[in-house]
Structure formats: structure tokens, C-alpha cells
**Q** 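Below: one structure in C-alpha cells.
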Amino acid sequence: MRSLFVLEGSIEMAAEDKSQKLEMMRHSASHIMAEAVKSLFPEAKFAIGPAIEDGFYYDFDLTRSLAAEDLPAIEARMKEIIAANTPFTHEEISAKEALKLFAGQPYKVELINDLAEDKVSIYKQGGFTDLCRGPHIKASGEIKAFKLTSVAGAYWRGDEKRPMLQRIYGVAFAKQADLDEYLQRIAEAAKRDHRKLGKELDLFSLHEEAGPGLVYWHPRGAMVRQIIEDFWKVEHRRRGYDIVYSPHIAKVHLWETSGHWNFYRDNMYSPMVIDEIQYVIKPMNCPFHILMYKTQLRSYRNLPMRYAELGTVYRYERSGVLHGLARVRGFTQDDAHIFCRPDQLEAEVKDVVELAQFMMKSFGFEEYEMMLSTRPEKYTGTLESWDMATAALRNVLEKLQIKYQVDPGEGVFYGPKIDIKLKDALGRTWQGPTIQVDFQLPERFDVNYVGEDGHEHRTVMIHRTVLGSMERFFACLTEHYAGAFPLWLAPVQTVLIPIADRHVDYAAKLLAEMRARDIRAQLDERSERMNLKIREAQLNKIPYMLIVGDKEVENGTVSVRMRNGEDLGSLSFSGFLERIESLIKSRELAKL
RNA sequence: GCCAGCGUAGCUCAGUGGUAGAGCAGCUGUUUCGUAAACAGCUGGUCGCGAGUUCGACUCUCGCCGCUGGCUCCA
């Protein structure tokens, strides 16, 4: 339908909103790229080429591998096509004709057959014809600003068992200024990459020789983590969670009971043998919490019970997917398992969703996506229980009037879930908080409570994290603030900078006072120039620099400089303490 | 795991078929200074690992490991 508007001209076009127009232009750019590839690689087989956020891609099957060096030639050819302003024409032809037309194009043939329609839509521009629903721009000259950005492998139809194609990514905008702005933004984003900042700010490291995907938290990164964890613990106690600790390994038998050995084995490490019994390192904490729950007969009066644990788990991740702290092989989940009655499920889910929102807000994340993930292909349990759990999750989202998207088939094997996705500096999304209903584990472990009627009933379980994992959350947090952590999270909150060696004694007194008050302060007592100390403190993104010289020693003051360069001038030390303590207490999030 | 690219000093990077350089960092000395880098000297690398080609490999070839961008998969 939309394609008709385009063909009919400008009146309807004006009604189309800007983003649709951009999307159409990007989609058209992918066709033009395909045409360029066709002229440079006549033997190319074409797969698909949609518009995506900021741009487009097209997947090709070529006789040789593309490298980044091939892009300029393709771009140049595209520019010729655009300069020629060749029209896009639309046609509806019979599937039979289409099969003939795309005879040498196996991927197109597959698409036509899968469509199973009598008529298919095709678009033609210059020397390139594509099977396509459209709509498209009127002529290639409408592409104003584009750039090819990268080449990558991509499986045909996203299936790793099918051929790997070569994908070329590009970006396209309505005008050159927008493209320039985009490229600028990407360059800026690269500067806040947590992997880069992790090194620069001495937050963490990973070691090839010790094993990929295993994280070493340096003192400063560890400090931030401790603050997050302390905050997390307090907020959980307040909400009726009990904090627990569990071991790191368990007998394979336990994982057989839980079903992980069947459904999750690909992500689990090989067993180790202890006294002739096989043990594996835990990929999840749930079975452990269940064992604790089951140590007593539980009454309906005691439910819900909420076991929370900062539980470190190890999962095998294929080598190609590891990514700094955002995707690792050993990580600590801010996990909890809620054991409740079916009638409590919805209220519990609601509390968890609200807690997750509170956490996001506390750490300054304003933008995140809520996803409702439904039943996957591989699953345990009955359809009825899946429907019931899914409905409970949906109800909570609706009642809280939260905007969410449905991710069909993305649930875990034991139940549906609500996920919160956080964005990194480059706009890639990472799954953070997750709330998963589980009717299966209680069955497998025979988890019960004694009801009002004196009989045993099946307990319902909720798995949930409200940050995700410490590693991934810390990665996103670092990128969100470009390493300039808010005052309450900053590993070093203030640094004392004596101007000359004779000021060190005074500075040391202030240091002791601040440390006594739990302010994370440091003293830079090196015999270096003040300018150097300021520069280094600035590069380390330390929120407050306290410069002390003759004047300050004499008056009992500090000269306060903030990391954004702002000079607050001379403050009485007590005045400064008052200021910083109140900002820390309020968990101020200002980005300085 | 798959496709492509990359791997040189602690960091950021230059370099060549004839056995390696810069800046910063580090160390030593001098300097004691008012809001983003004082000055001088010194140290530092089996050029990711292992084979192969070659008179000779950091450079060319192959394999492996790791990293980067994607794909698949997931907190």
C-alpha cells in the first residue's frame, strides 16, 4: 500500500513522517549499493538489504572475501549511480515470472517460494532489479549523504547452519550535515568505550594468559563495585529480601535435576571429578537457593520468601562473542529468587519491576527498553503454565503503564521474562535487569508450601536481577558517564593538591579528617608542580580537587576546583565538608 | 563457533627481507612552583606464539592464541 503513495507523488509524501522518509531513503541506498556491487562483481548473488537504524545493509554471496579496502570503490560506483539520478520503477509480476527473472539468484528464489504469493513486487533501478516490497524513492538522486562503514559476515537468514554471506553496512542521512554529525557522534562514543576507559582510569583488566572473559577488578573499579553492591544490599533489605551465600560448584546430579544439564549444557563447563563424583561450576544460582528453601517445611504464612545473592556464575560463551566487561565468562549476578504463592505472583513481579526502575533511576539511566519475552522453541513445562506466567508479566506491565515490546520466542527454557535493555556508548543494547517466572524448577525440585488448607501446594518461583550483572552494569555505567562517575560512585571523590612540599602537613590533616568521615580522599604529595597534579586529577575524572597553599594553610580553607574546570574558589574546609557530604548523601547524579 | 581485519616497550603508535624507533609512563637528579604537562639524564622490546620459505624473517606463507567489527548465542 505504501508504495502507491510514493508512486503517486508528493501530496501523500508530505503526510509521510520524516522518519519514514529517511527509512525509505536508506532502504533505497541499499539497493543502489547492491547495484554498485553487481557492476563490480557480476557474479554476485543477492540476499536481503533492509534499512536499519541510521543506515542500511545488504548481504551478498561473492566469490571472494571483501575487505574494508573494497568499500571506496563501491562507494565511488554508488556516487556515479546517484549522480545519474536513475529512476526506481515498481512492478507487480507473477511469482512464476519472478522465478524466471531471478533464475540465477538462489536466495531470491528461496524468498519468492517462501512468500507463496501469486504476485510479487519488484523494484528496478538502472541495471538492478530486486524482489522488494518497497517503498522506494523516485530516483537515485534523492540519496544526499551516505557512507559505507563496514563489512561483516552474516548467516543467510540468521541461521548458523546456512551459508555465511558478506554484509556491507552503510549509513545514510537526509543531508551531509546530519551525516557529519553522526560520524562525529560515533567518534565521541568511541572515547567513552568502557574498554578504553577501563585502561585509562585503571578500573579493570582482562588477561589473555589467564583466560579470556575473566575479569580482574582493579582497586578503583572494585571501589565503584563495592558502592553499587552496598547500595544494592541496603535497598534489598529494605524490601524484605534475605541475603544469602551459596557455593560455586555442585554435583552434576543437581544440574540434572534442575534440567540445566539438558537444556543449558552448551553454556556449562566440563565437570571436575571429586572423590569419583562429577561436579560442575555453577552457571546459575537458582538450584542452590531452592535447596535452602527446602530445608524446612514452608507455610503459606511465610511466603513470599526472597533470597538474594550477589552470585558469581561461570558460563561458556563462544569466543567470538566476548566483549570487554559487557560479555564475559565469569560474572556476578545481582540475583534473587522469590518463592511465592500463585496469588502473590503478580504483586511480587510488580515490586520487582518497580525496584528495577528505582535502580535504573538511582544510577542515572533514563533510557532503557522493556521487553516481554515469550516461549522459545526449546522449553519445559506445560503450555498452560506458560500462558499463565506470560499473562502475569503482561498484566504488571500494563498496570504500571510501562511501554514495552514483545520479543517472541526469547524467553528462557523454564519460563517467560521481562528484560530491561541498557544501551552502551555506541547505542548497542545489552540485557541488564531480567525478571523470569518459573513454574518448572519448583516441579523438578518438588518445591512446596503448606497452604491454609493444611495441604501441600506448589510454590511459584521468580528469578530476577535488577542490575543484570556487576560486570555488564559497570560497563554500561562507565560508558554512560564516560568514566566521570557521579560523586557518590566516584572511586576517588576528592584529591588534595599541596602547592609546595611545606603544605603537605596541612593537607595530611584534611585527608585524615575526610577519611574519618568516609569521604574517599587522596593526597597527592609528590614533589611535582600543582599544574601537573591538577592535570592528572582531571584526567582521572576526580570530582573535586582541593588545592592548598600558603593562603589556605593560614586561613584553614581549601581552594576547590571541579573536574569540569569550574573553580569554586576558596571555601572553609568545614564548608566544603558540608557541601560534599550532602551531595554524597543525596546520591547526586550531575554529569560534570 | 562463523566471516573479515588487527596483534611492535607498561600505554598510544611509527617502521623495514639485512636481527627496531618516537611520545607518554617508569627510574635518578635538579626545581618548591597558585588552577590541564618544569628541566636533564637513564632504563626499557625473544616485534602475540609455533612451524615453514630464505644465506638471512619483526617483515613472506601456514597453523594456533588473543583482540576488534559483525553474525549466531546471551546477564
Side-chain angles (χ1 to χ4, degrees), chain A residues 57 59 62 65-70 149-169 190 193 195-196 199-200 202 206-209 211-213 264 266-267 283-284 311 313 315-328 330-335 373 410 412 417 419-422 426 428 430-434 436 463-465 467-473 475-476 497-504 526-539 545-552 559-563 565-570:
Chain A
Y57 68 78
D59 288 344
L62 304 173
S65 299
L66 289 175
E69 293 77 61
D70 294 308
T149 51
S150 62
V151 290
Y155 297 108
W156 167 235
R157 299 199 137 180
D159 184 343
E160 63 180 324
K161 291 184 188 68
R162 309 202 64 182
M164 174 146 295
L165 307 172
Q166 300 193 64
R167 174 173 298 179
I168 302 178
Y169 282 97
D193 189 312
R195 294 166 297 186
K196 184 176 158 67
K199 229 179 251 175
E200 287 174 2
D202 194 17
L206 297 152
H207 299 271
E208 175 186 344
E209 66 269 40
Y264 204 71
D266 289 349
N267 289 287
M284 294 192 188
V313 297
R315 298 181 185 173
Y316 172 72
E317 297 289 352
R318 292 151 109 188
S319 59
V321 306
L322 300 176
H323 181 95
L325 296 195
R327 188 77 183 272
V328 293
F331 56 98
T332 300
Q333 293 182 299
D334 64 302
D335 209 357
S373 301
E410 287 302 307
V412 207
K417 58 176 183 168
D419 290 328
I420 289 180
K421 299 205 172 170
L422 298 173
L426 283 167
R428 291 178 290 216
W430 295 93
Q431 188 183 315
T434 180
Q436 310 174 349
H463 309 245
R464 44 108 287 178
T465 68
L467 300 174
S469 71
M470 301 316 295
E471 288 74 10
R472 181 175 288 178
F473 187 75
C476 289
I497 300 179
I499 290 176
D501 290 347
R502 64 178 178 279
H503 307 123
V504 168
R526 294 174 300 167
S527 296
E528 291 288 353
R529 294 177 68 217
M530 173 199 66
N531 291 301
L532 179 83
K533 297 180 184 180
I534 288 175
R535 177 181 153 80
E536 290 187 357
Q538 198 88 47
L539 292 174
M545 286 157 251
L546 303 184
I547 290 112
V548 294
D550 290 335
K551 277 187 290 183
E552 287 73 20
S559 179
V560 183
R561 182 193 163 106
M562 301 205 294
R563 64 183 160 193
E566 195 181 332
D567 187 351
L568 297 184
S570 201

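To find a chain, count down the sequence lines: A is the first, B the second, and so on, and within it residues start at 1. Fair warning: this is a prediction, and the values are worked out from it, not measured in the lab.
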**Q** How does protein reach along nucleotides 22-34 of chain B, written 5' to 3' as B (base within reach of a heavy atom under 4.0 Å), S (only sugar-phosphate), or - (no contact)?
**A** ---------BBBB
**Q** Quick one: list whatever passes side chain to side chain donor-acceptor pair (under 3.5 Å) with Ser319(A), sequence neighbours left out.
**A** none
**Q** Counting only N and O atoms by type, is there a donor-acceptor contact under 3.5 Å from the side chain of Glu471(A) to the main-chain atoms of Thr332(A)?
**A**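 Yes: the side chain of Glu471(A) pairs with the backbone of Thr332(A).
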**Q** Over all strands shown, is Lys196(A) touching base, sugar-phosphate only, or nothing at heavy-atom distances under 4.0 angstrom?
**A** nothing
**Q** Quick check on rA4(B): is either OP1 or OP2 less than 4.0 Å from any side-chain nitrogen or oxygen of Ser65(A)?
**A** yes
**Q** Looking only at atom P, what distance separates rA51(B) and rG17(B), rounded to whole Å?
**A** 24 Å
**Q** Does any non-hydrogen side-chain atom of Asp70(A) lie less than 4.5 Å from one of Val151(A)?
**A**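 Val151(A) vs Asp70(A): side chains apart.
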**Q** What integer distance in Å separates Glu160(A):CD from rC3(B):C1'?
**A** 13 Å
**Q** Is there a side-chain contact between Asn531(A) and Glu536(A) in this structure, where contact means two heavy atoms from C-beta onward sitting under 4.5 Å apart?
**A** no
**Q** Considering only atom C1', compute the distance from rG21(B) to rG15(B) and round it to an integer number of Å.
**A**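 rG21(B) and rG15(B) have their C1' atoms separated by 7 Å.
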**Q** Tell me: CD of Glu317(A) to C1' of rG1(B), nearest whole Å?
**A**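 Going from Glu317(A) (CD) to rG1(B) (C1'), I get 12 Å.
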**Q** Would you please confirm or rule out a distance under 4.0 Å between OP1 or OP2 of rA75(B) and any side-chain N or O of Gln431(A)?
**A**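 Checking Gln431(A) against rA75(B): at least one side-chain N or O falls below 4.0 Å of OP1 or OP2.
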**Q** Distance check needed: rA75(B) P versus Met284(A) CE, whole Å only.
**A**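 Spelled out: CE on Met284(A) to P on rA75(B) is 7 Å.
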**Q** Can you confirm whether His323(A) sits close enough to Arg428(A) that some side-chain heavy atom of one is under 4.5 Å from a side-chain heavy atom of the other?
**A** yes
**Q** Whole-Å distance between rG1(B) C1' and Arg318(A) CZ?
**A**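 Those two atoms, CZ and C1', are 4 Å apart.
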**Q** Here's a test of your reading of the structure: between Thr465(A) and Met164(A), which maps to the more 5' nucleotide of RNA chain B?
**A**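 The residue mapped nearer the 5' terminus is Met164(A).
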**Q** For the side chain of Arg167(A) and the backbone of Ala152(A), is there at least one donor-acceptor N/O pair under 3.5 Å apart?
**A**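 Checked: no pair found.
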**Q** Leu322(A) near the nucleic acid: base, sugar-phosphate alone, or nothing, with a heavy-atom cut-off under 4.0 Å?
**A**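 Sugar-phosphate contact only - Leu322(A) comes under 4.0 Å of backbone atoms but never of a base.
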**Q** For the pair made of NZ in Lys421(A) and C1' in rA75(B), what is the distance, rounded to whole Å?
**A**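 These atoms are roughly 11 Å apart.
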**Q** Assign Gly153(A) to base, sugar-phosphate, or nothing according to its heavy-atom contacts below 4.0 angstrom with the strands shown.
**A** base
**Q** Across the strands shown, which category fits Arg315(A) at heavy-atom distances under 4.0 angstrom: base, sugar-phosphate, nothing?
**A**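 Base contact - Arg315(A) has a heavy atom under 4.0 Å of at least one base atom.
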**Q** In whole Å, what separates the C1' atom of rG23(B) from that of rC60(B)?
**A** 31 Å
**Q** Using the side-chain heavy atoms of Arg428(A), tell me which of these nucleotides is nearest: rA36(B), rG69(B), rC73(B).
**A** rG69(B)
**Q** Determine: side-chain N/O of Lys417(A) to OP1/OP2 of rA75(B), distance under 4.0 Å, yes or no.
**A**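 Yes.
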**Q** Between rG26(B) and rG69(B), how many Å separate the two P atoms, rounded to a whole number?
**A** 30 Å
**Q** Is there a Watson-Crick or G-U wobble partner for rA4(B) with both distances under 3.5 Å, and which nucleotide is it?
**A** rU68(B)
**Q** Which whole-number value in Å describes the distance from Glu410(A) CD to rC74(B) P?
**A** 6 Å
**Q** Decide, yes or no, whether a salt bridge links Arg561(A) with Asp567(A) under the criterion of side-chain N to carboxylate O below 4.0 Å.
**A** no
**Q** Among Ile499(A), Ile497(A), Ile547(A), find the residue that satisfies the side-chain contact (heavy atoms from CB on, under 4.5 Å) test when tested with Lys533(A).
**A**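 With Lys533(A) as partner, Ile499(A), Ile497(A), Ile547(A) yield a single side-chain contact (heavy atoms from CB on, under 4.5 Å), made by Ile497(A).
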**Q** Checking all strands, does Gly565(A) fall into the base, sugar-phosphate, or nothing category for heavy-atom contacts under 4.0 angstrom?
**A** nothing
**Q** Can you tell me, in whole Å, how much space there is between the P of rC49(B) and that of rG66(B)?
**A**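 Rounded to whole Å, the distance is 15 Å.
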**Q** Students often get this wrong, so: under 4.0 angstrom with heavy atoms, is Ala154(A) touching a base, only sugar-phosphate, or nothing?
**A** sugar-phosphate
**Q** At what distance, to the nearest 0.5 angstrom, does CZ of Arg472(A) lie from CG of Leu467(A)?
**A**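 Spacing of CZ (Arg472(A)) from CG (Leu467(A)) equals 12.5 Å.
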**Q** Give none if rA57(B) has no partner; otherwise give the nucleotide forming a Watson-Crick or G-U wobble pair with it, both distances under 3.5 Å.
**A** none
**Q** Is the phosphate of rC73(B) approached by Arg327(A) (side-chain N or O, under 4.0 Å from OP1 or OP2)?
**A**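 It does not, given that no N or O in the side chain of Arg327(A) lies less than 4.0 Å from OP1 or OP2 of rC73(B).
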**Q** Using both distances under 3.5 Å as the test, list the Watson-Crick or G-U wobble partner of rU16(B), or none.
**A** none
**Q** Counting any heavy atom closer than 4.0 Å, what does Val328(A) reach on the DNA or RNA strands: base, sugar-phosphate only, or nothing?
**A** base
**Q** Look at the side chain of Arg195(A) and the base of rU68(B), then say whether one donor and one acceptor between them are separated by less than 3.5 Å.
**A** no
**Q** With respect to the side chain of Tyr316(A), which nucleotide from rG1(B), rG69(B), rA36(B) is positioned closest?
**A**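 Comparing rG1(B), rG69(B), rA36(B) against the side chain of Tyr316(A), the answer is rG1(B).
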**Q** Supply the atom-to-atom distance Asn267(A) CG to Glu317(A) CD, rounded to the nearest 0.5 angstrom.
**A** 5.5 Å
**Q** Glu209(A) CD to rC67(B) P: how many Å, rounded?
**A**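 Checked: the CD to P distance equals 11 Å.
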**Q** Any base atoms under 4.0 Å from Tyr169(A), or only sugar-phosphate, or nothing? Heavy atoms, all strands.
**A** sugar-phosphate
**Q** Please report the distance separating the C1' of rC42(B) from the corresponding atom of rA25(B), rounded so that it comes out in whole Å.
**A**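 rC42(B) and rA25(B) have their C1' atoms separated by 14 Å.
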**Q** Taking N and O atoms by type only, does the side chain of Tyr155(A) place a donor or acceptor under 3.5 Å from a partner on the base of rG1(B)?
**A**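 Such a pair exists between side chain and base.
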**Q** Is there a Watson-Crick or G-U wobble partner for rC27(B) with both distances under 3.5 Å, and if so, which one is it?
**A** rG41(B)
**Q** Indicate yes or no: at least one non-hydrogen side-chain atom of Arg526(A) is less than 4.5 angstrom from one of Leu532(A).
**A**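 Yes, at least one pair of side-chain atoms sits under 4.5 Å.
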**Q** What's the gap between rC24(B) and rU61(B) when it is taken at their C1' atoms, as a whole Å value?
**A**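 Rounded to whole Å, the distance is 36 Å.
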**Q** Once you apply the 3.5 Å cut-off to both distances, tell me the Watson-Crick or G-U wobble partner of rC49(B), or none.
**A**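 WC or wobble partner is rG63(B).
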**Q** Mind checking Arg472(A) for me? I need base, sugar-phosphate or nothing, with any heavy atom below 4.0 Å counting as a touch.
**A** base
**Q** Please report, rounded to the nearest Å, how far the P atom of rA75(B) is from the CZ atom of Phe331(A).
**A** 8 Å
**Q** Could you run through nucleotides 44-51 of chain B and give me one letter per nucleotide, 5' to 3': B if any protein heavy atom sits under 4.0 Å from the base, S if only the sugar-phosphate is that close, - if neither?
**A** --------
**Q** Determine the interatomic distance between P on rU59(B) and the same-named atom on rU54(B); round to the nearest Å.
**A** 16 Å
**Q** Under the criteria of a ring-centre distance below 5.5 Å and an interplanar angle below 30°, is Trp430(A) stacked with the base of rA75(B)?
**A** no
**Q** Counting the atoms with a prime plus P, OP1 and OP2 as sugar-phosphate, which does Leu539(A) contact under 4.0 Å by heavy atoms, base, sugar-phosphate, or nothing?
**A** base
**Q** Hey, which sits more toward the 5' end of RNA chain B by its nearest nucleotide, Ser319(A) or Ile534(A)?
**A** Ser319(A)
**Q** Do Gln431(A) and Lys417(A) come close enough that some side-chain heavy atom pair is under 4.5 Å?
**A** yes
**Q** With a 3.5 Å distance limit and no angle check, can you tell me whether Asp419(A) reaches the backbone of Gly432(A) through a side-chain donor-acceptor pair?
**A** no
**Q** Does Arg157(A) pair with Asp159(A) as a salt bridge, N-O distance under 4.0 Å?
**A** no
